[in-house]
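Keep in mind the model is a prediction, meaning the values are calculated, not measured.
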Amino acid sequence: MAITEHHIETTRTARYYSLGSFEGVKELWFVLHGYAQRAEDFIKNFLPIAHEGVLVIAPEALSRFYSRGFAGEVAASWMTREDRQHEIEDYVRYLDNLYTEVTMKLKLPPQKIIALGFSQGCPTVLRWQANGNSPANEIVIFSGDVPRDLAFAKFKANTANSQKWFIYSETDEFITPSIFKESQELFMANAIPFETIHFGAGHKIAEAALKELRGKF
């Protein structure tokens with residue numbers, strides 16, 4: 001007897017966290033956490049920029065799991081290699097829906113929208129910007145890499161008016177110099193301009209690098 005794979009779309013409830021007021025928003029940040037993190041914890045990294053007029057939105061990835069077997073902290077992941085195309089389509093749809101919900105809550109459009117990914121959140125934010133309908137003024141790759149299978153032509157067209165940033169630590173234990181170099185070369189090969197901020201604090205959201213980034217907007 002044949003075993004056949006099938007797919008069905010179903011409604012899923014996602015959650016997100018906010019930092020700041022929905023009133024008088026000038027800067028709207030969408031910040032995507034890394035592998036095995038939670039949005040509730042991740043958003044705390046942005047307390048140093050939580051000033052008046054800044055609203056930070058941290059969506060949590062749809063796939064949750066226990067970090068240690070059947071116990072430990074609950075963590076989340078944006079995707080795995082299994083059935084990956086459907087997972088990508090699901091999170092792009094989710095992030096587009098979130099973008100629409102948040103922007104509709106604002107009385108006036110923000111002056112600037114920032115889409116930032118950290119670690120595993122970097123390929124996620126890039127695929128979202130390539131395949132979704134949620135334009136951002138600034139796209140930030142923070143301690144992460146560029147996926148080789150990114151739809152570069154679509155990404156370039158959709159983000160033509162966006163500034164791209166690589167934020168990279170020379171002491172990052174996961175994003176090695178060769179991985180960082182390859183990510184930059186992928187952008188250069190596709191004529192996608194970018195700027196780079198270096199720091200030396202390992203694989204983390206470093207406060208100094210975050211403040212330096214915001215100071216360049």
| Check: Q120 side chain, M79 main-chain N or O, donor-acceptor pair, under 3.5 Å | yes

| message | Considering only residues two or more places apart or on different chains, which pairs with a residue in residues 135-156 satisfy ring-ring contact (aromatic ring centres under 6.0 Å, His included)? | response | F142-F199, F155-F187

| Would a hydrophobic clustering, with Ile, Leu, Val, Met, Phe, Trp and Tyr connected at side-chain separations under 4.5 Å, put I141 with I179? | yes

| said: Test side-chain contact (heavy atoms from CB on, under 4.5 Å) on N97 and R93; report intermediate values, then the result. | reply: CA-CA 6 Å; N97 289 341; R93 186 183 307 112; 4.0 Å; yes

| K204 NZ: over 12 foreign heavy atoms closer than 6.0 Å | no

| query | Ion pair present between E27 and R214, side-chain N to carboxylate O less than 4.0 angstrom? | reply | yes

| request: With rounding to the nearest 0.5 Å, note down the distance linking CD1 in I57 to CG in L95. | output: 12.0 Å

| After noting the C-alpha distance and the side-chain angles of F118 and V31, does the key distance pass the side-chain contact (heavy atoms from CB on, under 4.5 Å) rule? | CA-CA 8 Å; F118 170 74; V31 297; over 6 Å; no

| task | Please name the pair of heavy atoms, one in S77 and one in A61, separated by the smallest distance, quoted to 0.1 Å. | result | O-CB, 3.2 Å

| task | Using salt bridge (charged side-chain N to carboxylate O under 4.0 Å, His left out) as the criterion, list what pairs up with E207, not counting sequence neighbours. | result | K211

| query | Considering only heavy atoms from C-beta outward, does the side chain of L55 approach that of S18 to under 4.5 Å? | reply | yes

| query | What are the two closest heavy atoms between G202 and S143, and how far apart are they? | reply | O-OG, 4.3 Å

| Hey, any chance I167 and I175 share a hydrophobic cluster, counting ILVMFWY side chains that come within less than 4.5 Å of each other, even indirectly? | no

| same_hphob_cluster(I139, I88) at 4.5 Å side-chain heavy-atom cutoff | yes

| Within residues 72-88 or reaching into it, pairs that qualify as salt bridge (Lys or Arg N to Asp or Glu O under 4.0 Å) - sequence neighbours excluded | R84-D149

| said: For R15, is there an ion pair with E40 - N to carboxylate O distance below 4.0 angstrom? | reply: no

| remark: Rounded to the nearest 0.5 angstrom, the OH-CH2 distance for Y94 and W128 is 10.0 Å

| request: Decide if atom CD of E52 counts as having more than 12 heavy atoms of other residues, nucleotides or ligands within a radius under 6.0 Å. | output: no

| message | Under a 3.5 Å threshold, yes or no: a donor from one side chain and an acceptor from the other, between D96 and S134? | response | yes

| message | Does any part of the side chain of R127, heavy atoms only, come nearer than 4.5 Å to the side chain of Y91, both counted from C-beta? | response | yes

| field | CA sep, side-chain torsions, deciding dist, call: F166, H198, ring pair (Phe, Tyr, Trp, His ring centres under 6.0 Å) | value | CA-CA 8 Å; F166 283 97; H198 292 271; 9.9 Å; no

| request: Decide whether W165 and Q163 meet the rule of one side-chain donor and one side-chain acceptor closer than 3.5 Å. | output: no

| query | If you measure from NZ on K26 to NE2 on H51, what distance do you get to the nearest 0.5 Å? | reply | 13.0 Å

| Got N190 and K156 here, is their nearest side-chain heavy-atom distance under 4.5 Å? | no

| query | Transitively linked via ILVMFWY side-chain contacts under 4.5 Å: L186 with F194? | reply | yes

| query | If you look at every heavy atom in H203 and S119, which pair is closest and at what distance? | reply | NE2-OG, 2.9 Å

| Closest non-hydrogen atom pair between A130 and N158, with its separation | O-ND2, 2.7 Å

| query | Less than 4.5 Å apart, any side-chain heavy atom of F42 and any of E60? | reply | no

| task | Apply the test side-chain contact (heavy atoms from CB on, under 4.5 Å) to residues L116 and V125: give CA-CA distance (whole Å), side-chain angles for both, the deciding distance (0.1 Å), then the verdict. | result | CA-CA 7 Å; L116 179 149; V125 81; over 6 Å; no

| remark: When rounded to the nearest 0.5 Å, the distance separating CG of L47 from CD1 of I205 is 12.5 Å

| Side-chain heavy-atom pair F22, V102 within 4.5 angstrom cut-off | yes

| task | Hey, could you give me the OH/CE distance between Y99 and M104, rounded to the nearest 0.5 Å? | result | 13.0 Å

| Connected via hydrophobic side-chain network under 4.5 Å: I43 and I113 | no

| Full working for side-chain contact (heavy atoms from CB on, under 4.5 Å) between H33 and R38 | CA-CA 7 Å; H33 64 77; R38 296 189 308 167; over 6 Å; no

| query | Should the pair W29 and F217 be assigned to parallel (<30°), tilted (30 to 60°) or perpendicular (>60°) ring geometry? | reply | tilted

| How many angstroms lie between atom OG1 of T159 and atom NZ of K154, to the nearest 0.5 angstrom? | 12.5 Å

| Do Q129 and S162 have side-chain atoms, one donor and one acceptor, less than 3.5 Å apart? | no

| field | Flag for Q184-Y168: side-chain donor and acceptor within less than 3.5 Å | value | no

| message | Could you check whether any side-chain heavy atom of V54 comes within less than 4.5 Å of a side-chain heavy atom of V56, counting everything from C-beta outward? | response | yes

| field | Closest approach of P59 to L98 (non-hydrogen atoms, all atoms of both residues) | value | CB-CD2, 3.5 Å

| task | Would you check if P123 and D145 make a side-chain contact, meaning some heavy-atom pair closer than 4.5 Å? | result | yes

| query | Can you find a heavy atom in the side chain of I49 that is under 4.5 Å from one in the side chain of L213? | reply | no

